[in-house]
Asker: 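Quick one: this structure, given as structure tokens, is what I'll be asking you about.
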Amino acid sequence: MSEKRPLIQPRTLKGFRDYLPTAAIPREAMMETARRVFRSYGFAPIDTPALEYEEILTGKGGEESDKQMFRFEDSGGRRVAMRFDLTVPLARFVAQHAGELGTPFKRYHIGPVWRGENTQRGRYREFTQCDFDTVGTTSIASDVETALVMHDLLDALEVGEFTIHLNNRKVLSGLLERLDLSERSAEVLRALDKLAKIGPEKVAAEMRETAGASDDQCARVLEFAGLEGDTDAVLRALAPLVAGSEVGERGVQELRELFAGVAAAGVSGSRVRLDVAIARGLDYYTGTVYETFLAELPEIGSVGSGGRYDELASLYTKQDLPGVGASLGLDRLFSALEHLGKLETRATTADVFLPFFSQDRRDDYLRLAALLRREGVSVEFYPEPRKLGAQLKYADKRGHRVALVIGDDEWEAGTAQAKVLATKDSHDVALEPTADLARRLRELSA
RNA sequence: GUGGAUAUAGCUCAGUUGGUUAGAGCGCCGGUUUGUGGCACCGGAGGUCGGGGGUUCAAAUCCCCUUAUCCACCCCA
């Protein structure tokens, strides 16, 4: 025991974090909210392994994601990789289980993903995504629902004002087709994605450099990207720019239907915006694309995004499995809310605190706590008979709502003092019947 | 991955041109009649100055390496 050995320095890997109760409690609450919203649309939960065969994951999201993927050989000599997102594993999943699932298939999946990139606020190497997707239909109704879910989610999470930016890859394709830039679409879109951040001149410069675009082509792309204002007006302005391109015209039509559907479902026009400049980095999107920004902290980046990918599962199956979905970046959103002071931090999960006061009554306390839990009240019983003041201080620090103070006198009388910690108000309550006591405690905890 | 900044008690920070046992505030623990918390007073614990190496009689202070965090680029949730 007294032998001295060198201590190992406790530390965590770059981009990986511990969650203390004050962070883990609100984080779990966010996940519960997300589950509730997903389920309200009929999405069902699934889970998949963190580790996949390397060939399943690589080459799906473009060069950049391959570079950032954690890859290695397992002890059985298999080339493996940790999932980079939840969408590619979904594609594998539906290709593998299509027969048992049936379509359309709606699933949600909450879990960690790993990306070996450099860290910053809201950018980690291990972070949790809340994904929801609809597979097996090309109906625009599912594109609409995807926007609605994202909307309901952020609304339920009480993040303040936000805007869901919508666009359609087909419109971009149509434009590039008209401009003879289809061959370099990836480069053009990557440059275009930065418009809001670096401005038109630099975007043009990058397009000239990486995509070999001419001045005229740059001007046309920027004119297109500069379209702003009322959704209907932008859609009208868009039409002539893609006229003659079959994909482009279809893209504009899809956008029309998308906005009509979202409006029909009652979403405020201020929360959705047609933003023709968003292109999304991931290579697999083929239709609608989504990006969500917080009004109070846009610089942290998109807190939720996604899109339609009609070809993704085709890498694993000959079956036609188009899909559309999006992902809420839980940790980035969490980081934003923390930064904005919008997180409620409590270090306890129990509403009611039961001080251990009368030393000889331990079993009575234990029995009462058990009865209350059976009535659905969360109760923490302090394990040591310390001074009442110290116990109340503990309860106050942790954030319990109500302290149920019972000393010798109360045990004799069959009553207790229910003390609301926040206001210091005491209420006399009867210990029996337990159901009534539980109801009273619930009222006081609210 | 590239460039820059930072790294001292649980937290926020001080530590003068390298020099005796490294400080403060807050927090934490205990006490001020073992029946009532956020105030006050008293006392206490807690740091090999991110880690490793080097220069020096002497380093938290200078040099090198390393790890992490933040910022920009890149990319994205």
Side-chain angles (χ1 to χ4, degrees), chain A residues 6-18 20 22 61-69 84-87 110-131 150 154 186 189-191 193-194 197-198 202 206 210 278-283 290-294 299-307 326-336 339 353 355-359 382 384-400 402-411 416-426:
Chain A
L7 293 174
I8 298 163
Q9 193 191 0
R11 55 187 185 146
T12 47
L13 238 26
K14 178 186 178 73
F16 290 73
R17 295 156 314 141
D18 287 329
L20 273 58
T22 47
E63 277 175 52
E64 197 61 32
S65 21
D66 287 0
K67 267 199 297 189
Q68 296 181 357
M69 209 173 290
F84 177 89
D85 63 13
L86 298 175
T87 305
I110 298 175
V113 301
W114 296 270
R115 299 184 186 178
E117 68 171 337
N118 248 347
T119 53
Q120 255 174 61
R121 180 191 305 288
R123 308 181 57 156
Y124 312 104
R125 289 189 166 180
E126 176 181 63
F127 59 96
T128 293
Q129 292 196 322
C130 305
D131 253 49
M150 190 56 84
L154 289 164
L189 294 181
R190 197 168 304 142
D193 220 24
K194 296 174 198 161
K197 206 167 187 179
I198 64 177
K202 289 186 177 171
E206 183 172 331
T210 63
I278 65 156
R280 300 264 31 247
L282 266 33
D283 287 353
Y290 309 80
E291 292 269 18
T292 310
F293 297 94
L294 299 180
E299 62 270 26
I300 202 162
S302 176
V303 294
S305 57
S327 176
L328 178 80
L330 188 86
D331 289 299
R332 175 171 291 183
L333 185 59
F334 184 85
S335 169
H339 191 69
F353 178 75
F356 188 172
F357 195 67
S358 304
Q359 310 203 41
Y382 199 81
E384 295 168 21
R386 293 179 64 203
K387 279 171 54 170
L388 186 57
Q391 296 189 57
L392 289 174
K393 191 174 172 186
Y394 169 91
D396 187 53
K397 288 256 157 56
R398 294 292 157 123
H400 292 93
V402 177
L404 190 62
V405 181
I406 313 171
D408 289 328
D409 299 345
E410 284 83 359
W411 282 122
Q417 288 180 48
K419 183 169 181 131
V420 178
L421 272 324
T423 60
K424 289 176 134 174
D425 293 334
S426 269

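Below, chains carry the letters A, B, ... as their sequence lines are ordered, and counting in each starts from 1. Because the structure is predicted, anything quoted here is derived from the model rather than measured.
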Asker: Which ranges of RNA chain B pair up as stems, where a stem means three or more consecutive Watson-Crick or G-U pairs with both distances under 3.5 Å?
Answerer: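 Runs of three or more consecutive pairs: B:1-7 with B:67-73, B:10-13 with B:23-26, B:28-32 with B:40-44, B:50-54 with B:62-66.
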Asker: Taking side chain to side chain contact (heavy atoms under 4.5 Å, CB included) as the test, write out the residues that go with A:Arg11, two or more places apart.
Answerer: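 Partners of A:Arg11 under the side chain to side chain contact (heavy atoms under 4.5 Å, CB included) test: A:Gln9.
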Asker: I want to check something: taking the side chain as every heavy atom from C-beta on, are A:Ile406 and A:Phe357 in contact at a cut-off of under 4.5 Å?
Answerer: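 Result no, sub-4.5 Å side-chain heavy-atom pair not found.
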Asker: Quantified in whole Å, what is the C1' atom distance between nucleotide B:rC49 and nucleotide B:rC62?
Answerer: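 It comes out at 16 Å once rounded to the nearest Å.
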Asker: Relative to the 5' end of RNA chain B, which residue comes earlier, A:Gln359 or A:Ala395, by the nucleotide with the nearest heavy atom?
Answerer: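 Nearest-nucleotide comparison on RNA chain B picks A:Gln359.
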Asker: Output the distance between atom CE (A:Met69) and atom CZ (A:Arg115), rounded to the nearest 0.5 Å.
Answerer: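 Here the interatomic distance stands at 9.0 Å.
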Asker: Go through the structure and list residues passing salt bridge (charged side-chain N to carboxylate O under 4.0 Å, His left out) with A:Arg121, not counting sequence neighbours.
Answerer: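 Expected list: none.
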Asker: For atom C1', what is the distance between B:rU48 and B:rG31, given to the nearest Å?
Answerer: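 Nearest-Å result for B:rU48 against B:rG31 at atom C1': 32 Å.
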Asker: Would you list the protein and nucleotides 43-51 of chain B atom pairs, both N or O, that sit under 3.5 Å from each other?
Answerer:
from   : atom 1 : to     : atom 2 : distance (Å)
B:rG50 : O2'    : A:Gln9 : NE2    : 3.0

Asker: Any non-hydrogen side-chain atom of A:Arg17 less than 4.5 Å from a side-chain atom of A:Thr12?
Answerer: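 No - every pair of side-chain heavy atoms lies 4.5 Å or more apart.
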Asker: Describe the nucleic acid contact of A:Asp409 in one word from base, sugar-phosphate, nothing, applying a heavy-atom distance below 4.0 Å.
Answerer: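 The answer is base, as A:Asp409 lies within the cut-off (heavy atoms under 4.0 Å) of a base atom.
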Asker: What residues form a salt bridge (charged side-chain N to carboxylate O under 4.0 Å, His left out) with A:Lys424, not counting sequence neighbours?
Answerer: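 Applying salt bridge (charged side-chain N to carboxylate O under 4.0 Å, His left out) to A:Lys424 gives none.
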Asker: Dump the pairs, protein N or O against N or O of nucleotides 69-74 of chain B, anything under 3.5 Å, distances to one decimal.
Answerer:
from   : atom 1 : to       : atom 2 : distance (Å)
B:rU69 : OP1    : A:Gly15  : N      : 2.7
B:rC71 : OP2    : A:Arg121 : N      : 2.8
B:rA72 : OP2    : A:Gln120 : OE1    : 2.9
B:rA72 : N7     : A:Gln120 : NE2    : 3.4
B:rC74 : N4     : A:Arg123 : NH1    : 2.7

Asker: What residues, two or more places apart in sequence or in another chain, satisfy side chain to side chain contact (heavy atoms under 4.5 Å, CB included) together with A:Asp409?
Answerer: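 A:Asp409 satisfies side chain to side chain contact (heavy atoms under 4.5 Å, CB included) with no other residue.
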Asker: Could you tell me how far B:rA7 sits from B:rG19 if I compare only their C1' atoms? Round to whole Å.
Answerer: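 That atom pair is separated by 24 Å.
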Asker: What I'd like to find out is whether the side chain of A:Asn118 reaches to under 4.5 Å of the side chain of A:Arg123, using heavy atoms alone.
Answerer: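 No, their side chains stay 4.5 Å or more apart.
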Asker: Between C1' on B:rU36 and CG on A:Asp425, what's the gap in Å once rounded to a whole number?
Answerer: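 Spelled out: CG on A:Asp425 to C1' on B:rU36 is 14 Å.
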Asker: In this structure, how many angstroms lie between the C1' atom of B:rC76 and the CG atom of A:Leu189, rounded?
Answerer: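 That distance rounds to 15 Å.
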Asker: Any base atoms under 4.0 Å from A:Ile300, or only sugar-phosphate, or nothing? Heavy atoms, all strands.
Answerer: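 Nothing: the residue A:Ile300, judged by heavy atoms under 4.0 Å, touches no strand.
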Asker: Using atom P of each nucleotide, how far apart are B:rU34 and B:rG27 to the nearest Å?
Answerer: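 The answer is 24 Å between these two P atoms.
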Asker: May I ask you to verify whether the side chain of A:Glu410 and the base of B:rG35 hold a donor-acceptor pair under 3.5 Å?
Answerer: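 For A:Glu410, whose side chain was compared with the base of B:rG35, there is a donor-acceptor pair (under 3.5 Å).
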Asker: Scan A:Ser302 against the nucleic acid and name what it touches under 4.0 Å (heavy atoms): base, sugar-phosphate only, or nothing.
Answerer: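 Contact class for A:Ser302: sugar-phosphate only.
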Asker: In whole angstrom, what separates A:Phe357's CZ from B:rU36's P?
Answerer: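 For the pair A:Phe357 CZ and B:rU36 P, the rounded distance is 8 Å.
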Asker: Atom CD of A:Gln129 and atom P of B:rC76: how far apart are they, to the nearest Å?
Answerer: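 For the pair A:Gln129 CD and B:rC76 P, the rounded distance is 13 Å.
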Asker: Identify the pairs formed between an N or O of the protein and an N or O of nucleotides 26-33 of chain B at a distance under 3.5 Å, and give each distance.
Answerer:
from   : atom 1 : to       : atom 2 : distance (Å)
B:rC28 : OP1    : A:Lys397 : NZ     : 2.4
B:rG30 : OP1    : A:Arg386 : NH2    : 2.4
B:rG30 : OP2    : A:Arg386 : NH2    : 3.1

Asker: Once side chain to side chain donor-acceptor pair (under 3.5 Å) is applied, do any residues pair with A:Ser335, and if so which ones, sequence neighbours excluded?
Answerer: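 With neighbours one apart ignored, the set is empty.
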Asker: Tell me every residue that passes side chain to side chain contact (heavy atoms under 4.5 Å, CB included) with A:Tyr394, counting only those two or more places apart in sequence or in another chain.
Answerer: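 Per chain and number, A:Tyr394 pairs via side chain to side chain contact (heavy atoms under 4.5 Å, CB included) with A:Phe353, A:Glu380, A:Tyr382, A:Arg398, A:His400.
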Asker: Check the distance between B:rC76's P and A:Phe293's CZ and give it to me in whole angstrom.
Answerer: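 That distance rounds to 12 Å.
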Asker: Side chain to side chain contact (heavy atoms under 4.5 Å, CB included) with A:Gln417: which residues, sequence neighbours excluded?
Answerer: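 Scan of A:Gln417 (side chain to side chain contact (heavy atoms under 4.5 Å, CB included), adjacent residues dropped) gives A:Val405, A:Glu410, A:Ser426, A:Asp428.
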Asker: Taking only the C1' atom of each, what is the distance from B:rU61 to B:rG23 in whole angstrom?
Answerer: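 The same atom, C1', in both gives a distance of 15 Å.
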Asker: Using atom P of each nucleotide, how far apart are B:rU69 and B:rC63 to the nearest Å?
Answerer: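 That atom pair is separated by 24 Å.
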Asker: Which part of the nucleic acid, if any, lies within reach of A:Gly407 when heavy atoms closer than 4.0 Å are counted: base, sugar-phosphate only, or nothing?
Answerer: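 Base, at least one base atom sits under 4.0 Å.
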Asker: Rounded off to whole Å, could you give me the CZ-to-C1' distance for the A:Arg125 and B:rA68 pair?
Answerer: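 These atoms are roughly 11 Å apart.
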Asker: Given that A:Lys419 and A:Gly301 both sit by RNA chain B, which one's nearest nucleotide is further toward the 5' end?
Answerer: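 With A:Lys419 and A:Gly301 compared, the 5'-side residue is A:Lys419.
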Asker: Rounding to an integer number of angstrom, what distance separates B:rA22 and B:rA9 when you compare their C1' atoms?
Answerer: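 Their C1' atoms lie roughly 10 Å apart.
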Asker: How far does the C1' atom of B:rU8 sit from the matching atom of B:rU12, given to the nearest Å?
Answerer: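 So the two C1' atoms sit 12 Å from each other.
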Asker: Output the distance between atom CG (A:Leu333) and atom OG1 (A:Thr128), rounded to the nearest 0.5 Å.
Answerer: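 Answer rounded to 0.5 Å: 12.0 Å.
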Asker: Would you say the side-chain atoms of A:Thr87 and A:Asp131 include a donor-acceptor pair closer than 3.5 Å?
Answerer: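 A:Thr87 vs A:Asp131: donor-acceptor pair found between side chains.
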Asker: Got a sec, which residues hit side chain to side chain donor-acceptor pair (under 3.5 Å) with A:Lys387, two or more places apart in sequence or on another chain?
Answerer: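 Once residues adjacent in sequence are excluded, A:Lys387 has no partner under the side chain to side chain donor-acceptor pair (under 3.5 Å) criterion.
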Asker: Round to a whole Å and report the spacing from CE of A:Met69 to P of B:rC76.
Answerer: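 The answer, rounded to whole Å, is 13 Å.
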Asker: Is there side-chain contact between A:Phe293 and A:Ser302, with heavy atoms separated by less than 4.5 Å?
Answerer: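 Sidechains of A:Ser302 and A:Phe293: in contact.
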Asker: So, taking the atom named CE in A:Met150 and the one named OH in A:Tyr290, what distance separates them when rounded to the nearest 0.5 Å?
Answerer: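 So the gap between those two atoms works out to 9.0 Å.
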